[in-house]
Amino acid sequence: MHAQRESLDEEIEKIKRVLSGNIKHYRKLRRISQQALANMCGLHRTYISDLENAKCNPTLSVLMVMANCLGVSLEDLLKEG
């Protein structure tokens, strides 16, 4: 059971890294600052920074708002590669 939990934790960390990279990529692609994205999403700039550095677990609603503000699908935010 413990090994399964470790495997799940590793998968979660991987998803967080992919998500953080994608958020940063799409934000920079649109040439907007963290502050501008935060304002668009109704979030705090430090939360955007934490997301881009894989330091937090956003809710589904936050992910949907971010995807909308960045003009991409939720799938695009979570897509590896």
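- Nearest heavy atom pair, residue Val62 against residue Tyr47, reads CG1-CE2, 3.8 Å.
- The two residues Gly71 and Arg30 come nearest to each other via the heavy atoms O-NH2, 3.9 Å.
- Between the CG atom of Asn39 and the SG atom of Cys69 there is a distance of 10.0 Å, given to the nearest 0.5 Å.
- The closest donor-acceptor contact from the side chain of Ser7 to the backbone of Ala3 lies at 3.5 Å or more, if one exists at all.
- Linking ILVMFWY side-chain heavy atoms closer than 4.5 Å, directly or via other members, places Leu8 and Ile15 in two distinct hydrophobic clusters.
- Closest non-hydrogen pair, Met66 versus Cys41, comes out as CA-SG, 4.0 Å.
- Once rounded to the nearest 0.5 Å, the distance linking CG of Asn22 with CD of Glu75 reads 12.0 Å.
- Rounding to the nearest 0.5 Å gives a distance of 10.0 Å between CD of Glu52 and CG of Leu19.
- The OG atom of Ser33 lies 10.0 Å from the CE atom of Met40; values are rounded to the nearest 0.5 Å.
- There is a side-chain donor-acceptor pair under 3.5 Å between Gln34 and Arg45.
- Looking at heavy atoms from C-beta onward, Cys56 lies in side-chain contact with Leu51 at the 4.5 angstrom threshold.
- Between Ile48 atom CD1 and Gln35 atom CD the span is 9.0 Å, to the nearest 0.5 Å.
- Remark: Leu74 CG to Asn68 CG distance equals 11.0 Å, nearest 0.5 Å.
- Remark: Lys79 engages Asp76 in a side-chain hydrogen bond (donor to acceptor under 3.5 Å, both in side chains) (not counting sequence neighbours).
- Here Val18 is tied to no hydrophobic group at all, with no ILVMFWY side chain closer than 4.5 Å.
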